[in-house]
Each structure stands twice: as structure tokens, then as C-alpha cells.
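One structure below.
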Amino acid sequence: MATLGHLTRTAAERWSDRVAWVFDLPAATRTFAEIERQTNQIANGLIAAGVGPGDGVAILLPNVVEWPLAWIGVAKAGAFIVPINVRYRTADARHLLAHSGAVGVITDDVRHPELGALVGEIERELPDLRLVTSVQALAAGQPDHPPTVPVVAESLANVQYTSGTTGMPKGCMLSHRYFHRIAQVTTEPAFGLDADDVMLTAQPFSYLDPQWNIAAGLYSGARVVVLDGFHPSSFWAKCAEHEATFFYCLGAMPTLMLAGPVTPEERTHRVRFVSCSAIPPHRHAELEERFGVPWHELYGSTECGADIVVTADMHDDLVGTGVLGRALPHREVVVVDEWGRPVPRGTVGELWVRGLGMFDGYYRDREATAAALAGGWYHTGDLVTIDAGGLVRFAGRTKDMIRRGGENIAAAEVEAVIQDHPAVKLAACVAVPDELRQEEVKAFVVPADGFDDIDLEGLAEYVASRLARFKVPRYWEVRAELPLTPSQRVAKHALAETGPIAGWDREVGS
């Protein structure tokens, strides 16, 4: 019963003519009953076109109502989706389509001819691809009764490719049970979503967040509002307009919100709960004071969904501490050393997690799957500590750790200090090769509004006054903006490729 099809059918029975989805631009709404009927039509259209269990169907659409309709329609047909970011070009789109072996692409070359043109450029290189179509074409003339294809909780719903901050993206295999479990979690005490809530999401649908919002809305009866993208200057106005009560954000989004001008809607909204991954600890209190709502840390990943959270009862004591919270009831966590041995409480080590509703491995990548799930635990690659009370604190990433002359430097720690400077809007630190010290730290900084120039020497001294000298970046470069992944994290692989030369060298003063 834990399938996406079961969610839409049950929701239609419980809340039939209530509005379930509101799309801001272009404007569109769907009731729970309409979702059930239209996804059935899409599923029947796919089956008529020869798509079925074991087949992959890519979705190449922006944040429009057809995206989740296509997703659930594909799932009801027993197939799985391959989300493709609309900003991708030939090389990255080709990789996802070729690696997944997708047999079809659902797009819209009428309203978005550039997407149709992209598929046209690469489809001759994709021997598995036999169907390029739209939601409208699939649904036309099809019956609206549920398809008869057997779909179970363990059936594959998504091959969800990670953002690829390092190396080529890997396809996480996500089952129907995965999404059903996330939906259940949102109604439990940690979040408390119910049919009176209005969830708002601004991330691209090719990323996981809008998808779990959709699943949560179908499970809880909450309305889901989808924006066309994240626009810091109008975000709170949209929250107020749509009477949102809950939203999730991550990456650079909190910092960009704070960088914008103060607006009346920041305090006239109805938001009761903000869930956020990687809240900047030094600005946590500022976020709450400015926007008038509690911000709760949430730790998770594409592989596992939600793992660790700060709940309402522990929130007040943890504002600004950087603590991730405690493991949710469906998760076990352990902290281990480099040999996989549990470490004492309070000791930094790698976080491993296991439990219900996790991914089933990486698609067509046995080696990566075996490494990530060795011993039955998912090896997150994140460094944390756990105290005697079970509180988890982030300490960096094993792949985001800069090793300078025998000292390990957590990039996240240095970035947090740089971003605390009033002249800096956003910062990212990467490792660059160094003949003497193995690696050096390079910092990229984006000036805050009103700062046309940054005194890099002064900024370096500011960091040196707050961190050990060996942690202060040697190389500095000012950028108007930093490349971001679809999840609004800084794409550090793109920065690392620039090398240490561009910018200012603190050691030589030029």
C-alpha cells in the first residue's frame, strides 16, 4: 500500500475537491480528485506507448504542474523517472539519459522549445530513447481509471541523480516506500503537518525537495504551493500571498534572504515552521528575529531522506549552536573512525546511518553501492560528534576537508567565519595543490550589497583573529557570484578547477 498511486487514490477519497496544488507561475491549480484522474490518464497513455515496469522515463520540465503529474503517472505505470534539470546542456543531460537507459522523455517543446531542441540535439546518440512526448499527448483520450500494472512499495520510483559537487552524478535508486516514509515523517511530532497546513517550495522539481513536499501533501492533506524558482527579494511576499505555514530551504538560501531589503511581508506571513539544512549558526538568531519564525535544523540526504532534526522542544536551547539535532525514530546513527570502529561520545568521526525508507543503492554502479552501504550502514561522508544526550553536531565533510601541512581544516568552519564579516554575502573554501604543504586553502567571496570592493588583507586578518593561523586561506578571489548546484549549494568542483593563481595571495601580498 505504500506507493505513490495509493497516496493519490487515498487523498482523492478523503479530500476530493479541495485544492491540493497551487503553481505560482504559470498559474495552475489541481484538486486531489483531479490529480488522481489525470495521473491515471498519463499512466494509461504510457502503457499504451509500450512503457512499463523496469523502464526509465526522464522528465525535462521547469516548475510547472505537469512535472508532478508526469512523475506520479510514470510511477503508476510501474516505470521510474529520471529528473533532468532544465539548466543542463548537452553533456550533462546526455550523461543522465545514457547512464539511466531512459526509454522516454516527457517535456514540452511547445511552451519550452529550447527543451525540445536540447533533446533533439542528443537523442540520436541515445539508442534506448524511443519516446519523446508531453503530458498532454500522453493523457489525451486515455481512460481515467487506475492502470492494472502491479506496483508495490519496493518498486523503483526514481533514479535521482545527485548534484555532483565532486565527480560525475550518481543515480540514487528511490522506491515508492522511500517517498511514503518521508511523507509519514512530516506528519509526526517533529514537523506536525496536517490538512490545515500550506507547504511552500521554491527549489527546482528536478531536485528532491519539491518531490517530497508533494508526497507529504498527498499524505497529510496539506496544500502545496510551488514557485517557479527561488527569488530572495519576493520570497516572503509569496509566503504571505499564499498563506504558507511551512517551508524547507537549504544551501545559500538563508544568507541570500538576509542580504535582501526588509519588506513588510517578512512579518505579516503565517509561516509557523521553517525547516532548513545547514542554518548558518552565527546568523541563526538573526534569521529568527528578522523573519519572526523558528528555524529548525534538518539533516538528510538524497540517499536517506530525513535523518536528524531539531524538534520544537529542543529548539530554544540550540539556536546558534550548529547542532543538527537528534536522530528521528526511524533512524539509527553511529560515529566511526577511518576503520569503521565506533568512537567515544564527543569524538569527531564519520556519520553512518541506517533504518527504514532509505535508498536502494546507486543505479548501475555496484562498486559505489557496495562502498556506500558497506556493513548495512550508509556512509554519509560527513564528520560529526554525538554528545552524551544524543545531540549531533556537524564538523565538516571527509571530502570537504583541506589537509594543510599535516593539519586538517574543515572548509565549513572557515566559510562560516568569513561570512560573518559584514562585507561578505557568500563564501566558499576549496583545497588547491601546494608543493610544500600538500594543500592550501583558497577562499572565494561574494561582496555584500553596498560593498563594491573588499579589503582582502583586512578580511584575512579578520579571519585570523577568530581562527588558528593555519586555517586562514592563503589565496583569495572576489566573485560577483558563485556557481550553485540545483540544491543551492556552492558547486565547489567548478571553483577548484580555477587553481590558486587568480586573485590575491596572502603570503606574497599580491
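Sequential numbering from 1 along the given sequence is applied to the chain's residues.
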* **Derivation of the ring-ring contact (aromatic ring centres under 6.0 Å, His included) call for Trp295 and Phe273** => CA-CA 7 Å; Trp295 287 58; Phe273 194 106; over 10 Å; no

* To do: Decide yes or no for Leu115 and Val119: does some side-chain heavy atom of the first lie under 4.5 Å from some side-chain heavy atom of the second?
  => no

* Measure the spacing between CD1 of Ile84 and CD1 of Ile59 and express it to the nearest 0.5 Å. => 9.5 Å

* **Student check: side-chain heavy atoms of Val441 and Cys429 closer than 4.5 Å** => yes

* Asked: Okay, side chain of Glu439, backbone of Arg403: is any donor-acceptor separation there less than 3.5 Å?
  -> yes

* To do: Kindly indicate, with the supporting measurements, whether the criterion side chain to side chain contact (heavy atoms under 4.5 Å, CB included) is fulfilled by Leu60 and Leu118.
  => CA-CA 10 Å; Leu60 180 60; Leu118 174 61; 4.2 Å; yes

* To do: Answer yes or no: does atom CD of Glu114 have more than 12 heavy-atom neighbours from other residues, nucleotides or ligands under 6.0 Å?
  => yes

* **Ionic contact status for Glu332 with Arg354, cut-off 4.0 Å** => yes

* Asked: Is the side chain of His379 donor-acceptor paired with the backbone N or O of Ala374 at a distance under 3.5 Å, no angle test?
  -> yes

* Asked: Ignoring hydrogens and geometry, is there a side-chain-to-backbone donor-acceptor pair from Arg345 to Asp387 under 3.5 Å?
  -> yes

* Please, which pairs that meet side-chain hydrogen bond (donor to acceptor under 3.5 Å, both in side chains) have at least one residue in residues 411-422, sequence neighbours excluded? -> Glu413-Lys471, Glu415-Lys492

* **Pairwise side-chain contact, Val333 with Ile386, heavy-atom cut-off 4.5 Å (strictly under)** => yes

* Asked: Is a side-chain N or O of Gln160 found less than 3.5 angstrom from the main chain of Leu174, in a donor-acceptor match?
  -> no

* When you check the gap from the basic side-chain N to the acidic O, do Lys425 and Asp449 get nearer than 4.0 Å? -> yes

* Heavy-atom pair with the smallest gap, counting every atom of Val424 and Ala427 -> CG1-CB, 4.3 Å

* Asked: Is the NZ or CZ atom of Arg466 positioned over Tyr462's six-membered ring, under 6.0 angstrom from the centre and within 45° of the axis?
  -> yes

* Please examine the side chains of Glu303 and Cys172, heavy atoms only from C-beta on, and report whether any two atoms are closer than 4.5 Å. => yes

* To do: Report yes if the side chains of Lys238 and Asp24 come closer than 4.5 Å at any heavy-atom pair, otherwise no.
  => yes

* Asked: Do the side chain of Arg326 and the main chain of Gly389 share a donor and acceptor less than 3.5 angstrom apart?
  -> yes

* Asked: Is Arg177 reaching over with its side chain to a backbone N or O of Leu356, donor-acceptor style, under 3.5 angstrom?
  -> no

* **Near-ring test Phe230/Phe235, centroid separation under 6.0 angstrom** => yes

* **Glu125, CD: over 12 other non-hydrogen atoms inside 6.0 angstrom** => yes

* Of all the heavy-atom pairs spanning Leu4 and Ala157, show the shortest one and how long it is. => CD1-CB, 4.3 Å

* Test Val490 against Leu495 for side chain to side chain contact (heavy atoms under 4.5 Å, CB included), laying out the working first. => CA-CA 9 Å; Val490 177; Leu495 295 176; 3.6 Å; yes

* **Check against side chain to side chain contact (heavy atoms under 4.5 Å, CB included), Ile308 and Leu328** => CA-CA 6 Å; Ile308 301 165; Leu328 286 159; over 6 Å; no

* Could you tell me whether Phe291 and Trp236 have their ring centroids closer than 6.0 angstrom? => yes

* To do: State whether the side chain of Thr302 and the backbone N or O of Thr162 hold a donor-acceptor pair below 3.5 Å, judged by distance alone.
  => no

* Do Asn213 and Gln203 have side-chain N/O donor and acceptor atoms under 3.5 Å apart? -> no

* To do: Step through it carefully: locate the ring centre of Trp212, locate the ring centre of Tyr207, and say whether they are under 6.0 Å apart.
  => no

* Asked: Can any side-chain N or O of His231 pair as donor or acceptor with the backbone N or O of Ala202 at less than 3.5 Å?
  -> no

* **Val472 side chain near Arg506 side chain, heavy-atom distance below 4.5 Å** => yes

* Asked: Could you give the distance from CG (Asp209) to CD1 (Ile214), rounded to the nearest 0.5 Å?
  -> 12.0 Å

* Pair Tyr299-Asp382, side-chain donor/acceptor within less than 3.5 Å -> yes

* Val226 side chain near Pro210 side chain, heavy-atom distance below 4.5 Å -> no

* To do: Could I get the full list of salt bridge (charged side-chain N to carboxylate O under 4.0 Å, His left out) partners for Arg181, not counting sequence neighbours?
  => Glu188

* Asked: Just checking, any donor-acceptor pair under 3.5 angstrom between side chains of Trp71 and Asn158?
  -> yes

* **Audit row: Phe470, Arg437, side chain to side chain contact (heavy atoms under 4.5 Å, CB included) steps and yes/no** => CA-CA 11 Å; Phe470 71 83; Arg437 300 183 179 93; over 6 Å; no

* Structure fact -> The ring pair (Phe, Tyr, Trp, His ring centres under 6.0 Å) partner of Tyr378 among Phe359, Trp352, Tyr362 is Phe359

* Asked: So which heavy atom on Asp128 is nearest to which on Gly101, and how close?
  -> OD2-CA, 3.5 Å

* Stepwise salt bridge (Lys or Arg N to Asp or Glu O under 4.0 Å) check, Lys170 with Asp365 -> CA-CA 8 Å; Lys170 297 187 290 291; Asp365 197 335; over 6 Å; no

* Structure fact -> Rounded to the nearest 0.5 angstrom, the NE2-OH distance for His296 and Tyr248 is 14.5 Å

* What's the spacing between Met199 CE and Thr186 OG1 if we round to 0.5 Å? -> 6.0 Å

* Structure fact -> Tightest non-hydrogen contact, residues Asp228 and Leu25, listed as CB-O, 3.4 Å

* Drop me the distance from Asp307's CG to Ser301's OG, to the nearest 0.5 angstrom. => 5.5 Å

* **Residues Arg479 and Glu477 bridged, charged N to O under 4.0 Å** => yes

* Nearest 0.5 Å, what's the CG-SG distance between Leu200 and Cys239? -> 5.0 Å

* Asked: Can you tell me if Glu289 uses its side chain to pair, donor with acceptor, with the backbone of Glu286 under 3.5 Å?
  -> no

* Asked: Would you call Arg474-Glu507 a salt bridge at under 4.0 Å N-O?
  -> yes

* To do: Measure the shortest side-chain to side-chain distance between Thr321 and Arg393 over non-hydrogen atoms and say whether it is less than 4.5 angstrom.
  => yes

* So, Asp317 side chain and Met314 main chain: donor-acceptor pair closer than 3.5 Å or not? -> no

* Just checking, any donor-acceptor pair under 3.5 angstrom between side chains of Glu265 and His269? -> no

* Asked: Do you see a donor-acceptor pair shorter than 3.5 Å between the side chains of His315 and Glu288?
  -> yes

* Under 6.0 Å between the ring centres of Tyr161 and His99? -> yes

* To do: Answer with yes or no after comparing the ring centroid distance for Tyr363 and Phe80 against a 6.0 Å cut-off, counting only values under it.
  => yes

* **Qualifying residues under salt bridge (charged side-chain N to carboxylate O under 4.0 Å, His left out), relative to Glu121, sequence neighbours excluded** => none

